[in-house]
Colleague: 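Okay, handing you the structure first.
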Amino acid sequence: MKKTILITILIITCLPNYSQVINGCVSDENTKQTLPNVNVFFNATTIGTITDRYGNFKLIIHENRKLPIAISAIGYNSVLLSEYSAADTLLIFLTPKIYELGEVKVYSKRTFK
């Protein structure tokens, strides 16, 4: 009985150690500054994380090891990684998205009272 309880406890405590983690850092391609609060997730799922204030992230791989990883941030073009390895640290550079607006003309109408 003691052996069964001991083996069960060991299995429960050791299982999280076998899960693989993808580590990486997200930076701006032009300035090379790290980007905080960037979304990093498995494409077509709700499993993901965000980068910390230094641009670093850790994404745990469970059954999603075949899905591409999507990296997106407001004001930047998104990146989709289909080839990655948990053994390597990913260095991802996002390019800024440039919005070009048309010309705006402002007219005023003068009123006297």
Side-chain angles (χ1 to χ4, degrees):
M1 184 67 176
K2 288 183 181 181
K3 279 186 174 180
T4 310
I5 293 173
L6 182 63
I7 291 172
T8 306
I9 290 172
L10 285 174
I11 289 173
I12 290 172
T13 56
C14 292
L15 276 179
N17 295 333
Y18 288 106
S19 63
Q20 294 182 344
V21 177
I22 297 173
N23 295 312
C25 184
V26 181
S27 302
D28 185 299
E29 187 174 26
N30 296 339
T31 64
K32 307 299 186 232
Q33 291 182 340
T34 58
L35 298 173
N37 302 320
V38 175
N39 297 311
V40 181
F41 57 95
F42 289 105
N43 199 28
T45 68
T46 58
I47 300 168
T49 186
I50 60 170
T51 59
D52 62 9
R53 64 181 175 168
Y54 303 110
N56 300 315
F57 68 90
K58 290 184 180 186
L59 187 61
I60 298 173
I61 302 174
H62 291 292
E63 67 277 352
N64 302 313
R65 65 179 73 228
K66 302 262 189 231
L67 294 174
I69 297 176
I71 299 99
S72 66
I74 295 175
Y76 290 89
N77 292 316
S78 297
V79 172
L80 194 63
L81 297 175
S82 56
E83 298 293 324
Y84 55 86
S85 171
D88 300 328
T89 300
L90 301 176
L91 298 175
I92 300 152
F93 294 96
L94 297 181
T95 56
K97 189 183 287 186
I98 299 171
Y99 296 99
E100 199 167 311
L101 301 177
E103 182 180 328
V104 176
K105 294 182 181 181
V106 179
Y107 298 101
S108 69
K109 187 175 182 181
R110 200 170 197 187
T111 56
F112 294 102
K113 290 188 181 184

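Residue numbers count from 1 along this sequence.
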Colleague: Residues in side-chain contact (heavy atoms from CB on, under 4.5 Å) with K105, at least two apart?
Modeller: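 K105 satisfies side-chain contact (heavy atoms from CB on, under 4.5 Å) with E103, Y107 once adjacent residues are dropped.
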Colleague: Does atom CG of L80 have more than 12 heavy-atom neighbours from other groups under 6.0 Å away?
Modeller: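 Yes, enclosed.
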Colleague: Measuring from D52:CG to F57:CZ, what's the distance to the nearest 0.5 Å?
Modeller: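 Spacing of CG (D52) from CZ (F57) equals 10.5 Å.
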Colleague: To check you understand the geometry: which heavy-atom pair defines the closest contact between L67 and F42, and what is its length?
Modeller: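 Taking L67 first and F42 second, the nearest heavy atoms are O-CD2, 4.0 Å.
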Colleague: In the hydrophobic cluster built from side-chain contacts under 4.5 Å, what are the other members alongside V104?
Modeller: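 Grouped by the 4.5 Å side-chain rule, V106 form the rest of the cluster around V104.
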Colleague: Quick one: CG on N43 to CG on L81, what's the gap to the nearest 0.5 Å?
Modeller: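 Taking CG in N43 and CG in L81, the distance rounds to 10.5 Å.
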Colleague: Which donor-acceptor pairs under 3.5 Å do the side chains of residues 85-98 make with protein atoms, sequence neighbours left out?
Modeller:
| unit_1 | atom_1 | unit_2 | atom_2 | d |
| --- | --- | --- | --- | --- |
| S85 | OG | A87 | N | 3.2 |
| T95 | OG1 | N77 | ND2 | 3.0 |

Colleague: Show which side-chain atoms of residues 21-41 pair as donor or acceptor with protein atoms under 3.5 Å away, not counting sequence neighbours.
Modeller:
| unit_1 | atom_1 | unit_2 | atom_2 | d |
| --- | --- | --- | --- | --- |
| D28 | OD1 | N30 | N | 2.7 |
| D28 | OD1 | T31 | N | 3.1 |
| D28 | OD2 | Y76 | OH | 2.7 |
| T31 | OG1 | Q33 | N | 3.4 |
| K32 | NZ | E29 | O | 2.5 |
| T34 | OG1 | Y54 | O | 3.3 |

Colleague: With hydrophobic residues grouped by side-chain heavy-atom distances under 4.5 Å, do I50 and I47 end up in a single group?
Modeller: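 No, separate clusters.
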Colleague: How long is the gap from CD on E83 to CD1 on I69, to the nearest 0.5 Å?
Modeller: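 Rounded to the nearest 0.5 Å, the CD-CD1 separation comes to 11.0 Å.
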Colleague: Provide the closest heavy-atom pair for P68 versus S82 in the form atom of the first, atom of the second, distance.
Modeller: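 The answer is CB-CA, 4.1 Å.
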